[in-house]
Amino acid sequence: MIENLVIVESPAKAKTIERFLGEAYTVRSSFGHIRDLAKKNLGIDVDGGFVPQYIVPADKKKMVKELKDLAKKSNVVWLATDEDREGEAIAWHLFEELGLEKEKTRRIVFHEITKNAILDALKNARHIDTDLVNAQQARRVLDRLVGFELSPLLWKKVKPSLSAGRVQSVAVKLIVEKERNIQQFQAKRYFRVTGNFAVPDGKGGRTILKAELSKRFDNLETAREFLAICQTSDFRVDNIEKKPVKKSPAAPFTTSTLQQEASRKLGFSVNQTMSVAQKLYESGKITYMRTDSVNLSKLAIGTAAEQIKEAFGEEYHKSRNFTTKSKGAQEAHEAIRPTYMNQPSVDGPRAEQRLYELIWKRTLASQMSEAKLEKTVITIMVSGAPERFVASGEVLKFDGFLKVYMESTDDEQEEETKGLLPPVKVDELLDRDEIEATERSTPQPARYTEASLVKKMEELGIGRPSTYAPTISTVQNREYVVKENREGGVREMVQLKLKGDSIKQEVINEKFGFEKSKLFPTDIGTIVNDFLEANFQNIMDFNFTASVEKEFDEIAVGVVDWPTMIERFYTPFHEKVDTATETSERSKGERILGEDPESGKPISVKIGRFGPIAQIGEASDEEKPKFASLLKGQSLETITLEEVMDLFRLPREVGKFEDEDIIISVGKYGPYVRHKSKFFSLANTDDPYTIESDRAIEIIKEKRTQDEKRNIKQFDEEPDLLILNGRYGPYISFKKKNYRIPKSRKPEELTLEECREIIEKGGTKRKK
DNA sequence: CAGTGAGCGAGCTTCCGCTTGACTT
């Protein structure tokens with residue numbers, strides 16, 4: 001017999017709790033949800049009042065049976081799943097599936113994994129909250145209905161295997177809309193004027209006071225006029241204003257803010273952040289990493305305080321409690337923090353060390369004093385013009401939390417570092433050193449990174465901490481969105497410089513528009529988005545989730561009956577699905593761009609069977625149309641007639657090498673050189689339209705030497721058998737199959753006999 | 001691994017939110 005069986009969601013949590021509770025308690029985990037809707041026929045009896053059909057997935061059966069056996073032998077079963085909608089539902093599914101008896105079952109919750117919190121929870125047991133469970137059932141059923149009715153519609157109207165859903169479709173919409181904003185964006189040019197003034201530094205030397213003109217000029221003429229006035233003007237200090245400024249630390253990490261900061265400071269993808277955090281959590285170094293709470297336990301606040309006072313002194317400490325601002329936060333856990341605040345660093349892989357350090361610093365800083373700065377603003381009058389120059393500087397009076405941590409921003413605008421300003425007095429006349437008017441361009445809207453998309457989704461209340469990373473993977477796996485780098489362009493900017501008595505004009509080449517690891521919509525993503533927008537406006541509305549969440553809340557407090565709410569949503573929704581099935585055309589994103597000057601046939605672009613293509617002529621023509629695939633980075637929406645005509649210039653023959661033709665073309669994996677029926681990829685910097693034979697031969701030779709390095713060894717008597725160097729180290733390749741080489745052997749010393757032996761044994765087999 | 005773009009039809013794809021493994025040759 002077992003006295004007490006406690007069931008939590010996570011095995012790492014189970015281990016910790018078992019330690020706190022002692023021998024009278026057996027602690028197990030459910031590994032999240034144990035049941036889900038059946039996949040066949042929606043898994044919902046729509047006509048019978050939306051009755052869900054739950055099943056235990058195959059990979060959970062063994063675990064559920066084990067729990068069931070343990071539960072039978074237990075006097076009391078404590079359901080200690082998370083205190084939120086999903087956690088309550090997991091408790092209920094456990095109750096149902098394990099066949100628990102009400103008198104022997106207790107529902108308990110805790111928000112932090114500390115001994116006191118757990119002991120406290122045991123004293124405050126309650127029953128399962130059926131209303132809250134119903135709110136979860138409504139959420140689950142709604143998501144299934146939306147996902148499993150919209151996706152098949154897309155298979156019919158766009159392309160097989162596509163998907164749509166309450167969360168992913170809105171995430172794609174954000175990216176599509178951003179791209180369109182950028183396409184429509186009209187940059188404005190303007191002139192920014194800066195002045196350098198020489199000031200005695202009080203030690204016999206001179207120092208420079210940098211200031212910016214409060215006005216920007218729209219064009220070169222007005223900027224030049226102003227500089228001409230400056231030529232003969234005096235510059236006098238008009239006003240000096242000093243004021244104290246305080247900076248406060250950011251709240252401790254949630255999943256979303258951790259993903260953002262790890263992206264900005266460490267360059268991690270959201271997936272990478274989560275898997276590294278998972279490792280830290282499993283080894284007991286940090287608290288749970290999927291959370292929307294900024295709350296810290298009393299224990300953490302206490303140990304942080306000790307740590308701060310000891311390391312930096314009393315004046316650096318300020319205890320704070322943060323409250324969450326994010327929509328729909330359920331706060332079932334603590335913020336993400338180190339388990340032990342007195343450990344500034346940990347052992348382990350570099351990525352774990354770095355992420356841990358980030359978490360430690362952020363948590364510590366959140367309990368530290370504000371930084372105190374003194375901000376100084378100096379205004380300078382120009383005798384010949386009404387405009388004024390303004391110089392501003394900041395001096396750190398007390399560093400406070402900045403001693404350990406400073407939050408980064410997504411803003412890419414270069415902020416000039418402003419330090420201490422030189423000592424000047426009101427009415428002092430300044431020596432003009434140099435005045436510059438530099439042409440600038442208003443910045444285009446910033447494309448999303450993975451992390452900034454998560455931030456936006458959190459703001460809209462779309463998705464949960466456990467789904468941000470998987471959703472971002474889904475939209476990329478479906479090829480709605482691609483993450484990539486894109487080359488920018490170069491533009492000419494005019495600069496005017498007034499130095500001494502002369503004004504010089506110069507043209508500067510400025511790079512712009514370079515994008516690194518940004519999210520771009522694909523043609524399919526755009527077409528699916530437009531199709532959904534045209535037919536399901538309500539689901540694509542950014543407020544859809546927020547408004548259904550309100551209804552789930554009403555179910556959770558018992559005001560609304562859940563099948564009624566679902567019925568209200570489903571009836572009009574299903575009608576729209578039916579209408580779209582019958583009336584909408586297949587969406588191919590077709591655009592007609594013009595006529596082929598040679599044949600007079602129409603030139604168009606659309607989505608073909610294998611992706612975006614350009615086409616000359618129509619399928620109904622006597623002669624078959626000519627086709628060419630679009631290149632990477634080109635899109636149906638923005639490609640021009642000129643660019644399409646270029647596509648038909650491939651494949652090109654550029655010459656001969658070793659008596660065989662060299663052919664340039666573009667395939668599924670980008671531009672390539674073909675020679676002796678072998679393929680060689682072009683580099684990013686090579687242009688398939690202009691590349692000549694010399695460069696093509698160079699590419700062929702480069703690839704050949706590379707292949708030699710890949711080949712470790714081969715045998716004349718058995719040409720099919722190769723010892724190669726691959727992604728996971730050396731291996732044997734034989735008749736299209738690969739075999740692992742035992743670690744104890746040096747690959748270059750293997751004989752043919754030994755290789756055959758390894759093949760015979762089948763290498764190391766995959767374990768099942 | 002790279003060229004394709006006819007047509008038919010069977011069988012399959014898909015959601016969100018909880019959780020961890022698996023593991024490449």
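Here is the naming used below: chain letters follow the sequence lines, and residue numbers restart at 1 for every chain.
For A:K576, the salt bridge (charged side-chain N to carboxylate O under 4.0 Å, His left out) criterion is met by no residue, not counting sequence neighbours. With sequence neighbours left out, the side chain to side chain contact (heavy atoms under 4.5 Å, CB included) criterion links A:R591 to A:L593, A:V605, A:I639. Every residue two or more places apart in sequence or in another chain that forms a salt bridge (charged side-chain N to carboxylate O under 4.0 Å, His left out) with A:K65 is listed here: A:D69. With sequence neighbours excluded, the residues satisfying side chain to side chain contact (heavy atoms under 4.5 Å, CB included) with A:T522 are A:V482, A:I524. Taking the side chain to side chain contact (heavy atoms under 4.5 Å, CB included) definition, one finds that A:D129 meets it with A:E88, A:R126, A:D131, A:L132, sequence neighbours left out. A:I592 is linked by a side chain to side chain contact (heavy atoms under 4.5 Å, CB included) to A:S604, counting only residues two or more places apart in sequence or in another chain. Qualifying salt bridge (charged side-chain N to carboxylate O under 4.0 Å, His left out) partners for A:E623, counting only residues two or more places apart in sequence or in other chains: A:K601. Among residues two or more places apart in sequence or in another chain, the salt bridge (charged side-chain N to carboxylate O under 4.0 Å, His left out) test is passed with A:R144 by none.
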Under 3.5 Å, which N/O atoms of the protein pair with N/O atoms of nucleotides 1-4 of chain B?
unit_1: B:dA2; atom_1: N1; unit_2: A:S681; atom_2: OG; d: 3.0

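Contacts between residues 135-146 of chain A and DNA chain B, counted as heavy-atom distances below 4.0 Å, involve A:R139, A:R140, A:D143, A:R144.
Applying the side-chain hydrogen bond (donor to acceptor under 3.5 Å, both in side chains) test to every pair with at least one member in residues 157-168 of chain A, sequence neighbours left out, gives these pairs: A:D143-A:R166, A:S163-A:Q168, A:S163-A:R478, A:R166-A:T545.
For A:S30, no side-chain nitrogen or oxygen approaches OP1 or OP2 of B:dT19 to under 4.0 Å. In this structure, A:Q278 reaches the B:dT20 phosphate: one of its side-chain N or O atoms is under 4.0 Å from OP1 or OP2. Contact between the side-chain N/O atoms of A:S151 and the OP1/OP2 oxygens of B:dT13 is not found at any separation under 4.0 Å. Of the side-chain N and O atoms in A:R290, one or more sit less than 4.0 angstrom from OP1 or OP2 of B:dT20.
Within the nucleic acid shown, A:R478 comes within 4.0 Å of sugar-phosphate atoms alone, with no base atom in reach, counting heavy atoms only. A:Y468 comes within 4.0 angstrom of nothing in the nucleic acid, heavy atoms only. Using a 4.0 Å heavy-atom cutoff across all strands shown, A:A619 reaches no nucleic acid atom at all. When heavy atoms are screened at a 4.0 angstrom cut-off, A:G87 is found touching no nucleic acid atom at all. Here A:S677 lies out of heavy-atom contact (under 4.0 Å) with every strand. Nucleic acid contact for A:L154: none, since no nucleic acid atom lies under 4.0 Å from a heavy atom of the residue. Contacts of A:G611 with the nucleic acid, taken as non-hydrogen atoms under 4.0 Å apart, include base atoms. At a threshold of 4.0 angstrom between heavy atoms, the contacts of A:Q168 are confined to the sugar-phosphate backbone, with no base atom among them. Heavy atoms of A:G165 sit under 4.0 angstrom from primed sugar atoms or phosphate atoms, though from no base atom. Base contact: A:T467 has a heavy atom under 4.0 Å from a base atom.
Stacking between A:W155 and B:dT13 is shown: the ring centroid lies under 5.5 Å from the centre of the six-membered base ring, and the planes differ by under 30°. By the 5.5 angstrom centroid cut-off and the 30-degree plane limit, A:F148 is classified as stacked against the base of B:dT14.
The two atoms that bring A:F544 and A:N538 nearest to each other are CB-O, 3.3 Å, heavy atoms only.
Between A:Y54 and A:H93, the ring-plane angle classifies as perpendicular under the 30° and 60° cut-offs.
Side-chain N/O atoms of A:S163 and base N/O atoms of B:dT14 include no donor-acceptor pair closer than 3.5 Å.
The side chain of A:H33 lies closest to B:dC18 when the candidates are B:dT14, B:dA6, B:dC18.
Taken to the nearest 0.5 Å, the CG atom of A:L532 stands 10.5 Å off from the NZ atom of A:K173.
Looking at DNA chain B, no stem turns up: there is no run of 3 or more consecutive Watson-Crick or G-U wobble pairs with key distances under 3.5 Å.
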